[in-house]
Enquirer: 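This is the structure I have questions about; it appears just below.
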Amino acid sequence: MDVLKTIVNYVLNLGGPVFVPLIMFIIATIAGLKLKKSVLAALTLGVAFSGMTLVVNYMMDSISPAAKAMSKIFHLSLNAIDAGWTGVAAITWSYKSAFLFFPLLLAINFIMLTFKWTKTLNVDMWNVWNKIFTYVVVLYFTHNVFYGFIAAGIQIVLELKAGDMWQRHIEDLTGMPGVTVPHFVTLFAVILQPLNKLLDFIPAMNRPFDSAALQKKIGVFGDNTVMGAIIGVLLGFGAGYSVSKSLNLAIQAATAMTLFPMISKLFMQALSPIADAMSDFMKKHFNGREVFIGLDWPILAGRNELWVTVVILVPVMLVFAMLLPGNTVLPFAGIINLSFVVAALLLTGANLLRMLVLGIITTPIFLYGATYFAPIITNLAKSTGTVKVQAGQQLSWSTFEGPDFRLFFAKAFTGEWWAIGISILWLLGFIWLYIDQNKIKLPSQRYVLAGSAQSSSTTAAPSETTTTSAGSLDDLDDMDFSNTSKSSASNNATKVSLNDLDGLNFSNTSKHNNSR
């Protein structure tokens, strides 16, 4: 067991920009791609991941201080600290059984590929932490290890099927053949699906509203660089910045929005020859059977609709945090809602207007999920010994990933009938989503202008991969967490202001999980 743990930790310590290109090099070589092209493709992929990480961190570092300033303007003071996904992931990787989920993912994926239950080969190993966290949540409620592994196994299966479901949409949106995104965040589409269907009855929602269509309508103001500058300056003014500081934020946002498509071309350049070689290999040796390579969601980051949506939703989340009764989470590290936007992008076919409406409607789900799960995250931090919490405070994640799935299934395994019923409904919702997304028109063909036979030109923009850096465990050492219980979320709990977060840093790259 110790040997397995050592091997798994060594592989994970290589980091995403090393491990994923290494795996893709092996796949390309087996598929018959020439050595020179295999090496070049793998190195280009590593450069793309690293470059995207730099740009995403640059954008996060620019926006987060503005979000913090806006929180001060709103006079927010809540008792649960938002560590973001990076902080929670770093803590989760320290869990004693974490290494067991690496072979669990491989085993389930191998079985499903063997019996043709999936077409997705998931090489995104860093997001194994997501399965570990689901296990921990179920274990917290049930005190049953077996139930925890079952729930994590269900999640793995659903993610692989989601990879099958989204592949054609991802190829249409990014122009990348043969790759998909079997990521847990895409499963939030189960909740978004009925809401998105209701939007079908609103005529304005059925018009082209992706970045390409927007640029046609409003000219230069729809350009990536210009949109970034406008969003940046408005965010600066909203944060109470001076004119000069707001203009600086405008340039920073414009820089990120300009670089995203440039870097995403590297993914196209790296993945296209590998996908072609893989396709030829499958036709030759497996009667033309399709196999999709499952990568992290950042291959979609070249879609500017994604970034416009999450930035606009920053003030929306802060307003909700202030107004929602019972909310205890102070949005900060996780205020860029990546847990919502990936599913929304895929489900709506990059329709920016729909994404914004769905984001506004569902933001309370994440804040209440963060409030509900705060005791569990705090308990995990204490049990792993990675961080300490001050008395009366809690650790949470304002854009808590998959609050629906984790709550319903964890409670279902405790035998609560309402949760069992809702879990069944959730699975039926996934089946509905799966069937619908396999027959619905591609994003580039979906929205038609009234009286026109032409569909919207959802340009297959090269996707930019944001491998958001995970928080290093060393970054958590300065936190002081202790004696936190569920009751600390009560009105009598010590509240935390944004000044308490100044010494914390959850944004640095972790060796274990440098991608979501």
Enquirer: Could you pull out the closest heavy-atom pair between A343 and A189, with the gap in Å?
Expert: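 Taking every non-hydrogen atom into account, CB-N, 3.7 Å.
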Enquirer: According to the interplanar angle, ranging from 0 to 90°, do the rings of F133 and W129 count as parallel (below 30°), tilted (30 to 60°) or perpendicular (above 60°)?
Expert: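 Judged by the thresholds at 30° and 60°, the geometry between F133 and W129 is tilted.
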Enquirer: Less than 4.5 Å apart, any side-chain heavy atom of F405 and any of L158?
Expert: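 Yes. Closest side-chain heavy atoms under 4.5 Å.
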Enquirer: Can you name the closest pair of heavy atoms from A229 and A254 and give their distance?
Expert: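 Heavy-atom minimum between the residues: N-CB, 3.8 Å.
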Enquirer: Could you tell me which residues satisfy salt bridge (charged side-chain N to carboxylate O under 4.0 Å, His left out) with K37, sequence neighbours excluded, listed by chain and number?
Expert: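 K37 satisfies salt bridge (charged side-chain N to carboxylate O under 4.0 Å, His left out) with no residue once adjacent residues are dropped.
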Enquirer: K245: what forms a side chain to side chain donor-acceptor pair (under 3.5 Å) with it, not counting sequence neighbours?
Expert: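 Expected list: none.
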Enquirer: So how far is it from N196 CG to I191 CD1, rounded to the nearest 0.5 Å?
Expert: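 Taking CG in N196 and CD1 in I191, the distance rounds to 13.5 Å.
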Enquirer: Report the distance from atom CD1 of I440 to atom CD of Q445, rounding to the nearest 0.5 Å.
Expert: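 With rounding to 0.5 Å, CD1 (I440) is 11.0 Å from CD (Q445).
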Enquirer: Would you compute the distance between atom CG of D172 and atom CH2 of W166 and round it to the nearest 0.5 angstrom?
Expert: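 Reported value, rounded in 0.5 Å steps: 13.0 Å.
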Enquirer: So, using salt bridge (charged side-chain N to carboxylate O under 4.0 Å, His left out) as the criterion, who are the partners of D404 when residues are at least two apart?
Expert: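 Not a single residue meets the salt bridge (charged side-chain N to carboxylate O under 4.0 Å, His left out) criterion with D404.
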Enquirer: What residues form a side-chain contact (heavy atoms from CB on, under 4.5 Å) with T255, not counting sequence neighbours?
Expert: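 Checked T255 against side-chain contact (heavy atoms from CB on, under 4.5 Å); matches are Y58, I251, L259.
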Enquirer: Work out which heavy atom in F101 is nearest to a heavy atom in A152; give both atom names and the distance.
Expert: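 Looks like CE2-CB, 3.7 Å.
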Enquirer: Could I get the full list of side chain to side chain donor-acceptor pair (under 3.5 Å) partners for E159, not counting sequence neighbours?
Expert: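 Testing E159 for side chain to side chain donor-acceptor pair (under 3.5 Å), a comparison that skips the adjacent residues, returns K131, Q155.
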Enquirer: Do R406 and E401 have side-chain heavy atoms sitting under 4.5 Å apart?
Expert: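 Yes, at least one pair of side-chain atoms sits under 4.5 Å.
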Enquirer: Please check if the side chain of N130 supplies one atom and the backbone of F184 the other of a donor-acceptor pair under 3.5 Å.
Expert: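 Judged by distance alone, no pair lies under 3.5 Å.
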Enquirer: Minimum heavy-atom separation for N122 to D124, with atom names?
Expert: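 Smallest heavy-atom distance, with atoms named: OD1-N, 2.9 Å.
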Enquirer: Distance-only, no hydrogens or angles: does the S398 side chain make a donor-acceptor pair with backbone N or O of P331 under 3.5 Å?
Expert: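 Answer holds: no.
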Enquirer: Do side-chain atoms of R168 reach the backbone of Q437 as a donor and acceptor pair under 3.5 angstrom?
Expert: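 At least one qualifying donor-acceptor pair exists.
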Enquirer: Would a distance-only check, ignoring hydrogens and angles, find a side-chain to backbone donor-acceptor pair under 3.5 Å from S38 to L33?
Expert: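 Pair found, side chain donor or acceptor close to backbone of L33.
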Enquirer: Between S396 (side chain) and A370 (backbone), is there a donor-acceptor pair under 3.5 Å?
Expert: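 Here the side-chain-to-backbone pair exists.
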Enquirer: Please report the closest heavy-atom contact between Q193 and D436, naming both atoms and the distance.
Expert: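 Looking at all heavy atoms of both residues, the shortest contact is NE2-OD2, 3.3 Å.
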Enquirer: Evaluate the side chain to side chain contact (heavy atoms under 4.5 Å, CB included) criterion for residues V357 and M205: first the C-alpha distance (whole Å), next the side-chain angles of each, then the deciding distance (0.1 Å), finally the verdict.
Expert: CA-CA 10 Å; V357 171; M205 297 292 175; 3.4 Å; yes
Enquirer: Is there side-chain contact between V138 and F409, with at least one heavy-atom pair below 4.5 Å?
Expert: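 Not touching, per the 4.5 Å side-chain cut-off.
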Enquirer: Between N337 and T399 (side chain of the first, backbone of the second, donor and acceptor by atom type, cut-off under 3.5 Å), is there such a pair?
Expert: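 No; judged by distance alone, with no hydrogens or angles, the pair does not exist.
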Enquirer: Can you tell me if K161 uses its side chain to pair, donor with acceptor, with the backbone of W117 under 3.5 Å?
Expert: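 Answer holds: yes.
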Enquirer: Report the C-alpha separation of Y135 and V145 in whole Å, then their side-chain angles, then the decisive distance to 0.1 Å, and conclude whether the side chain to side chain contact (heavy atoms under 4.5 Å, CB included) test is met.
Expert: CA-CA 8 Å; Y135 165 85; V145 171; 3.5 Å; yes
Enquirer: Quick one: CG on L442 to CD1 on I170, what's the gap to the nearest 0.5 Å?
Expert: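 Result: 12.0 Å between the selected atoms.
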Enquirer: V308: which residues meet the side-chain contact (heavy atoms from CB on, under 4.5 Å) condition with it, sequence neighbours left out?
Expert: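 Counting only residues at least two positions away or on another chain, V308 forms a side-chain contact (heavy atoms from CB on, under 4.5 Å) with M227, I231, M257, I312, L352.
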Enquirer: Passes side chain to side chain contact (heavy atoms under 4.5 Å, CB included), L113 versus R289? Steps please.
Expert: CA-CA 11 Å; L113 281 171; R289 182 185 172 188; 4.0 Å; yes
Enquirer: Look up atom CG in N109 and atom CD1 in I156, then write down how far apart they are to the nearest 0.5 Å.
Expert: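 Atom-to-atom, N109:CG and I156:CD1 are 9.0 Å apart.
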Enquirer: Please examine the side chains of F292 and E171, heavy atoms only from C-beta on, and report whether any two atoms are closer than 4.5 Å.
Expert: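 They are not in contact (no side-chain heavy atoms under 4.5 Å apart), so the answer is no.
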Enquirer: I'd like to check T348 versus E305 (side-chain heavy atoms, cut-off strictly below 4.5 Å). Are they in contact?
Expert: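 A side-chain contact is absent here, since even the closest heavy-atom pair is not under 4.5 Å.
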Enquirer: Treating R303 as the side-chain partner and L173 as the backbone partner, does any N or O pair qualify as donor plus acceptor under 3.5 Å?
Expert: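 Side chain of R303 to backbone of L173: a pair is present.
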Enquirer: Can you name the nearest heavy-atom pair linking L358 to T362, along with the distance?
Expert: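 For L358 versus T362, the nearest heavy atoms are O-OG1, 2.7 Å.
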Enquirer: Check this for me: K197, atom NZ, are more than 12 non-hydrogen atoms of other residues, nucleotides or ligands nearer than 6.0 Å?
Expert: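 Enclosed.
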Enquirer: Evaluate the side-chain proximity of H169 to N438: yes if any heavy-atom separation is below 4.5 Å, no if none is.
Expert: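 SC-SC contact between N438 and H169 ruled out.
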Enquirer: To the nearest 0.5 angstrom, please state how far the CG atom of L160 sits from the CD1 atom of I108.
Expert: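 Answer rounded to 0.5 Å: 8.0 Å.
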Enquirer: Assess whether side chain to side chain contact (heavy atoms under 4.5 Å, CB included) is satisfied between Y434 and V190, documenting all intermediate values.
Expert: CA-CA 9 Å; Y434 185 87; V190 173; over 6 Å; no
Enquirer: Once the angle between the rings of F188 and F340 is folded into 0 to 90°, is it parallel (under 30°), tilted (30 to 60°) or perpendicular (over 60°)?
Expert: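 The rings of F188 and F340 stand perpendicular, inter-plane angle above 60°.
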Enquirer: Is the closest side-chain heavy-atom distance between T186 and W297 below 4.5 Å?
Expert: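 Sidechains of W297 and T186: no contact.
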Enquirer: Do S339 and F400 touch side chain to side chain, with heavy atoms closer than 4.5 Å?
Expert: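 S339 vs F400: side chains apart.
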